[in-house]
Amino acid sequence: MKIWRVTGTVVSTNRIAMMDYMPLLLVEDKPGGSPMVAVDPVGCRKGDFVLCCGSSAARDATGTKGYPSDLTIVGILDKWDWESK
Amino acid sequence: MKIWRVTGTVVSTNRIAMMDYMPLLLVEDKPGGSPMVAVDPVGCRKGDFVLCCGSSAARDATGTKGYPSDLTIVGILDKWDWESK
Amino acid sequence: MKIWRVTGTVVSTNRIAMMDYMPLLLVEDKPGGSPMVAVDPVGCRKGDFVLCCGSSAARDATGTKGYPSDLTIVGILDKWDWESK
Amino acid sequence: MKIWRVTGTVVSTNRIAMMDYMPLLLVEDKPGGSPMVAVDPVGCRKGDFVLCCGSSAARDATGTKGYPSDLTIVGILDKWDWESK
Amino acid sequence: MKIWRVTGTVVSTNRIAMMDYMPLLLVEDKPGGSPMVAVDPVGCRKGDFVLCCGSSAARDATGTKGYPSDLTIVGILDKWDWESK
């Protein structure tokens, strides 16, 4: 799993029905990095450092079997900073 | 999910039967970036910023179980621009 | 799906039984780019621009359920050139 | 499988229930490389060079069918160093 | 599938039970490139140019359903060299 920081949210009104209403968060993997969108079943806040799971595991990790996600937050890191590595 | 912009369409007459007639859109992840082709079950227009799902989730997200896709549009962003990040 | 150009074929006599006798084509994603090998269930010729499907979808797209492929040609583009993007 | 070195651990108290209590280790693929987080079903120590499995195989490799992982340690290398390659 | 050259073997005594005793080979995708480890169900020798399958297909390609691999050799190329492309 890669470590990301939550930077905001996105809204997509016109989306496939399977996506339902799960929160979609913007995340970045370094300060100012290209934004990605992750499904959030945990309840994160802006600034949280999170672990995201990709690949086929991203689907069930949302809590909904077969959910259409390729990036899902699976946990918030208790302590982290870009300089921690 | 990654954020892409729709730039056009492609046509492939000679294709495998499993692909059926779903629309295939050209998308780019930055202005002038390398084009990719995404399956569109949503109904997008040129210029739309969209979320695309890859990995195994791209298949069912088309609305057809087991469809041969590795990149499928799952939603149109209400508001986005390259500078939004 | 990514866009590739067919540049030739490869032969692998000593291969796992599951691979059977499907054609294996060399493809490149830009002129002179690193070659990749794609399974061809469509019947392509050298110079064709093709769409290839990766991820788990590459397997069934060959027409044989569970075929060992991570890159399979799913269609030939009617019109394309590197400069088209 | 890629070769990684174990550099430490991470703690995520607020995580999805499916993650249970498996150890999460920080790994790097070169000295000072970007850290990734791998699930450890083997019992590794800091400094160990390990093989990690990604893709859908990362799930069952944890020993728990369908576990939400996209990077799982599957073995410790008996002998390795960055210069070994 | 990507083309790799076999450069040696690795040994991992302490590994998960699911890995059993299949040979693990070091492969590189260009001279002096970063080494990866591939499962070998074919029987390759150092110097062989091989096709490796990744993604979920890497698992069954080993010959053992659900084997924990994300990179498996599926064939030896009859004729290849880095300059062949």
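Convention: sequence-line order gives letters A, B, ...; per-chain numbering from 1.
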Given heavy-atom pairs under 4.5 angstrom as the criterion, report whether the side chain, backbone, both or neither of [X] touches chain E.
X: C:M36; answer: both
X: C:S69; answer: both
X: C:V11; answer: both

field: Top contributor to chain C contacts, counting heavy-atom pairs under 4.5 Å, from E:P41, E:S55, E:G43, E:G63
entry: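 Ranked by contacts with chain C, first place is E:S55.
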message: Heavy-atom pairs under 4.5 Å with chain C - which of E:V74, E:V50, E:V42, E:I73 has more of them than the others?
response: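 Looking at each option in turn, the highest pair count goes to E:V74.
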- request: Starting at SG of E:C53, measure out to CE of C:M18 and round the result to the nearest 0.5 Å.
  value: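 It comes to 8.5 Å.
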query: If you measure from CZ on C:R59 to CG on E:D60, what distance do you get to the nearest 0.5 Å?
result: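 Going from the CZ atom of C:R59 to the CG atom of E:D60 covers 4.5 Å.
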- prompt: Is it the side chain or the backbone of E:C52 that comes within 4.5 Å of chain C heavy atoms, both, or neither?
  reply: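 It is the backbone, since no side chain atom gets that close.
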field: Region of E:L51 in contact with chain C, defined by heavy-atom distances below 4.5 Å
entry: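 The side chain, not the backbone.
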task: Quick one: closest heavy-atom pair of C:I16 and E:A61, and the distance?
output: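 The answer is CD1-O, 3.6 Å.
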query: Nearest heavy-atom pair of E:A57 and C:Y67: which atoms, and what distance?
result: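 E:A57 and C:Y67 have their closest heavy atoms at CB-O, 4.4 Å.
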message: Just so I know, are the side chains of E:M1 and C:D70 near enough to count as touching, which here means a heavy-atom distance under 4.5 Å?
response: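 Side-chain contact under 4.5 Å: yes.
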- prompt: Is there a donor-acceptor contact under 3.5 Å from the side chain of E:D78 to the main chain of C:T13?
  reply: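 Yes; judged by distance alone, with no hydrogens or angles, the pair exists.
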Chain E contacts, top residue of C:G66, C:S12, C:S56 (heavy-atom pairs, under 4.5 Å):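 Result: the option with the highest number of such pairs is C:S12.
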